[in-house]
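Naming: A, B, ... by sequence-line order, numbering from 1 per chain. These values consider heavy atoms only, across backbone and side chains, with no hydrogens, waters or symmetry-generated copies.
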There are 4 protein chains.
Amino acid sequence: MGSASNDKHTSILDAAYGLFGSAGFYETKMSQVAEQAGIAKGTIYLYFKNKEELFMAVTQRDCEGFLKQLEEKLGAENNLNGKLAVIADHHLFYYYDRKQHTKLFFRAPNNNPELVAYMTQFIEQYTQAVMKVLLEGGATEPELMAQSYIGMLDRLKMDILFHPDFTADDARKRSLFAAGLFINGAMNALHIPEAEAPPS
Amino acid sequence: MGSASNDKHTSILDAAYGLFGSAGFYETKMSQVAEQAGIAKGTIYLYFKNKEELFMAVTQRDCEGFLKQLEEKLGAENNLNGKLAVIADHHLFYYYDRKQHTKLFFRAPNNNPELVAYMTQFIEQYTQAVMKVLLEGGATEPELMAQSYIGMLDRLKMDILFHPDFTADDARKRSLFAAGLFINGAMNALHIPEAEAPPS
Amino acid sequence: MGSASNDKHTSILDAAYGLFGSAGFYETKMSQVAEQAGIAKGTIYLYFKNKEELFMAVTQRDCEGFLKQLEEKLGAENNLNGKLAVIADHHLFYYYDRKQHTKLFFRAPNNNPELVAYMTQFIEQYTQAVMKVLLEGGATEPELMAQSYIGMLDRLKMDILFHPDFTADDARKRSLFAAGLFINGAMNALHIPEAEAPPS
Amino acid sequence: MGSASNDKHTSILDAAYGLFGSAGFYETKMSQVAEQAGIAKGTIYLYFKNKEELFMAVTQRDCEGFLKQLEEKLGAENNLNGKLAVIADHHLFYYYDRKQHTKLFFRAPNNNPELVAYMTQFIEQYTQAVMKVLLEGGATEPELMAQSYIGMLDRLKMDILFHPDFTADDARKRSLFAAGLFINGAMNALHIPEAEAPPS
DNA sequence: CATGAATGAGATTTCATTCAT
DNA sequence: TATGAATGAAATCTCATTCAT
């Protein structure tokens with residue numbers, strides 16, 4: 001019983017996830033969502049108040065899943081390097097595993113304050129999770145460090161979305177690269193005279 | 001006359017830049033652009049084929065300006081560390097200087113292949129510019145390094161858009177932080193036993 | 001059992017009466033009627049073919065009650081003045097007693113011929129009832145007189161609907177006023193030279 | 001120029017007047033209004049913000065015309081009886097002349113407070129105009145008298161709307177009847193023993 | 001008898017674009 | 001060139017009604 005009603009709710013979310021993810025908010029029509037979910041247009045409105053709320057629900061489910069999985073993986077790891085590697089892996093493979101659905105990823109309605117608030121909060125939570133790892137390692141500027149690490153990963157993931165022939169090995173290579181660069185810096189790979197280097 | 005028509009072309013671009021930048025593509029109405037530019041709606045179509053092309057033109061002008069300024073600044077600098085600092089500064093201050101117009105930055109129409117192609121090309125050019133600097137420094141994985149550095153900067157810039165009280169000093173601090181972290185890595189700031197550290 | 005089903009029929013009518021009466025036909029939703037009646041939406045359709053028929057039934061019950069009560073009161077009175085007073089009282093207090101439910105009174109679907117027919121018939125019956133009283137008094141133009149009297153009363157009642165602080169005393173005052181004006185005319189209250197007055 | 005733009009505004013109002021008047025607010029579709037006015041659907045929205053405002057504009061134009069004409073006719077008449085006759089004539093012939101367009105007259109959206117406010121104000125203005133006449137005649141209860149007179153007229157007009165064979169002579173007869181009844185009362189036409197009559 | 005999830009026709013409204021002036 | 005009134009396609013959302021349980 002519960003699962004039956006749950007099924008419809010879920011199939012709407014799934015359909016919306018695929019469409020919003022690949023075409024964006026405005027380009028996705030409620031009729032497409034209904035068709036994809038195999039239900040009538042009006043039925044969507046029994047489960048979601050309107051298009052924006054549906055988008056919000058899709059976003060939340062996705063973000064929560066991202067964070068929850070990350071926490072689980074971090075819990076299973078207890079040394080610092082390992083945790084940084086877990087973060088990199090998670091970030092890259094999360095998108096790699098969903099590359100079909102997030103070809104262009106989210107294009108959200110801009111003027112929805114609730115959504116902006118939610119996304120801000122999501123980013124903060126993600127940043128907090130990374131900061132926590134860094135603090136355990138004794139970092140002095142954990143917030144900027146966390147942001148930097150996340151930024152690196154986010155850019156390194158982009159090619160997943162654009163290059164159709166991106167492989168899991170490519171993802172793993174980037175994940176390792178990111179962790180290494182973050183910890184050791186680029187200095188070793190660059191010819192920087194000691195005298196030139198800015199104070200670390 | 002030539003300059004007069006040029007003026008109109010420019011004022012449309014300026015108006016569109018402000019509106020697209022602060023409200024996004026779909027939320028910006030052609031009538032608003034016309035009003036802001038001080039011309040009639042129909043006149044826009046004498047200069048731009050349609051809304052998407054106008055958006056494209058706005059994006060191009062912005063991206064080209066970004067790259068051109070970057071090249072100029074890099075040309076004036078000849079040591080590696082200096083160039084990395086220039087990149088960081090440019091990235092952060094470009095957005096800092098335009099924070100009024102890019103509060104939410106661009107929300108583009110997703111299904112316009114030309115735009116997607118252009119954005120891809122822009123990112124590539126930006127990456128190439130950074131790679132060139134890194135290659136001069138002898139980097140072994142210049143592309144991943146360039147992407148990582150750009151990613152760091154892009155994330156560190158986010159707070160400019162979200163925190164209204166972000167100051168120029170905050171921007172400068174982050175720019176220095178980014179360059180330092182990129183070169184030296186986080187190791188020095190973290191308690192990582194040598195044995196634990198992955199090979200760089 | 002009969003009474004149980006009767007109860008449900010009645011509670012639907014009661015709910016619909018309150019909602020149609022205060023919000024109008026189109027503004028009242030079948031789901032609201034169901035909720036107010038404490039039953040499921042589908043159940044309404046076991047008792048009434050559709051929304052229009054429900055509206056019709058509500059209207060009929062109300063109109064029939066209005067006429068039935070009037071007849072009873074008229075039967076208990078046997079002089080002409082008394083009967084006219086009864087009519088005035090009945091008209092004003094009927095609405096006064098229901099002012100909660102008829103704040104905006106009925107807004108009916110316009111294109112339902114059955115309803116139009118019923119309302120016409122109701123007005124005719126009401127007019128007939130008043131005419132009968134007037135005929136017993138020997139009136140020469142009983143129909144126009146009856147319509148005029150009803151019209152006076154109907155307008156004098158309006159303030160009940162609009163002024164929330166309308167009291168029962170106000171209603172009684174208006175009822176007396178109407179009967180007096182109808183019988184004696186305005187002449188006594190106006191400075192009309194005999195010569196000016198039209199022939200009665 | 002002015003008249004050209006005015007023409008479109010007017011033709012929308014005319015079309016809406018006819019449709020709202022004969023079919024009611026909800027039953028009238030904006031597409032019908034556009035078709036009747038000979039323009040495109042979207043054009044209506046250049047002149048009126050939405051359906052409710054169009055309805056409001058139609059109502060206002062009608063009510064203002066009613067009051068303005070009444071004032072003009074009253075200004076041309078200077079004895080009391082004549083003015084009362086003018087009011088009766090105006091009320092009946094206004095509807096008689098428009099019987100095509102007001103077969104069912106207005107059925108308004110119930111929940112529009114602006115419209116309710118406007119209608120209330122209109123009724124007050126009409127009442128005031130009648131009161132002014134009565135006050136000049138020295139009436140003691142001018143408001144109740146005015147309401148009563150208007151009510152009589154409003155009911156006497158109803159048959160215009162329902163009986164297709166209602167003639168101008170019928171209207172004139174009713175107008176005279178109303179004025180006579182209002183001034184002289186029904187007493188003369190009824191067998192009411194003096195003793196029975198309530199105090200006037 | 002009773003339910004309420006599901007339906008889908010249909011209405012209002014927006015806004016990019018056109019074109020006669 | 002420049003205008004801006006007019007267009008009409010297209011999208012969201014509502015809600016009376018049905019029907020399997």
Inset, instruction - Round to a whole Å and report the spacing from CD of A/E53 to P of F/dC13. - result: 10 Å

Inset, instruction - Quickly work out the C/K49 NZ to F/dA16 C1' distance and round it to whole Å. - result: 14 Å

Legend entry - Base partner of E/dT21, which must satisfy Watson-Crick or wobble distances under 3.5 Å: F/dA2

Inset, instruction - Tell me whether the OP1 or OP2 atom of E/dC15 has a side-chain N or O from B/K29 closer than 4.0 Å. - result: yes

Inset, instruction - May I ask you to evaluate whether C/Y47 reaches the phosphate of E/dA2, defined as a side-chain N or O under 4.0 Å from OP1 or OP2? - result: yes

Inset, instruction - Could you work out the separation of E/dC1 and F/dT21 based on their C1' atoms and round it to a whole Å? - result: 13 Å

Inset, instruction - Report the distance from atom CG of D/D7 to atom P of F/dA5, rounded to the nearest whole Å. - result: 15 Å

Inset, instruction - Please give the nucleotide sitting opposite E/dA16 as a Watson-Crick or G-U wobble pair, both distances under 3.5 Å, or none. - result: F/dT7

Legend entry - B/E53 side, atom CD; B/E114 side, atom CD - distance, nearest 0.5 Å: 6.5 Å

Legend entry - Length of the line joining B/I44:CD1 and F/dG4:P, which is rounded to integer Å: 12 Å

Legend entry - Nucleotide forming a Watson-Crick or wobble pair with F/dT14, both distances under 3.5 Å: E/dA9

Legend entry - Side-chain donor or acceptor of D/K49 paired with backbone N/O of D/L46 under 3.5 Å: no

Inset, instruction - Hey, which sits more toward the 5' end of DNA chain F by its nearest nucleotide, D/L46 or B/I39? - result: B/I39

Inset, instruction - For B/E52 and for A/T43, locate the closest nucleotide of DNA chain E by heavy-atom distance; then report the residue assigned to the nucleotide nearer the 5' terminus. - result: A/T43

Inset, instruction - For C/Y17 and C/Q36, test the side chains for any donor-to-acceptor distance below 3.5 angstrom and give the result as yes or no. - result: no

Inset, instruction - State, with a plain yes or no, whether a side-chain heavy atom of B/M30 is found less than 4.5 Å away from one of B/L54. - result: yes

Inset, instruction - Rounded off to whole Å, could you give me the CD-to-P distance for the C/E27 and F/dT14 pair? - result: 15 Å

Legend entry - Nucleotide E/dC15, atom C1' - distance to CZ of B/F25 in whole Å: 12 Å

Inset, instruction - Return the value, rounded to whole Å, for the distance between atom CE of B/M30 and atom P of F/dG4. - result: 16 Å

Legend entry - Lys/Arg cation over aromatic B/F25: B/K51, 6.0 Å, 45° cone: yes

Legend entry - Between P of E/dA16 and CZ of B/F55, the distance in whole Å: 14 Å

Legend entry - Pairwise 5' ranking along DNA chain E for A/G38 and C/G42, keeping only the more 5' one: C/G42

Legend entry - N or O in side chain of C/K41 less than 4.0 angstrom from F/dA16 OP1/OP2: no

Legend entry - Per C/Y45 side chain, nearest of listed nucleotides F/dA16, E/dT13, E/dA16: F/dA16

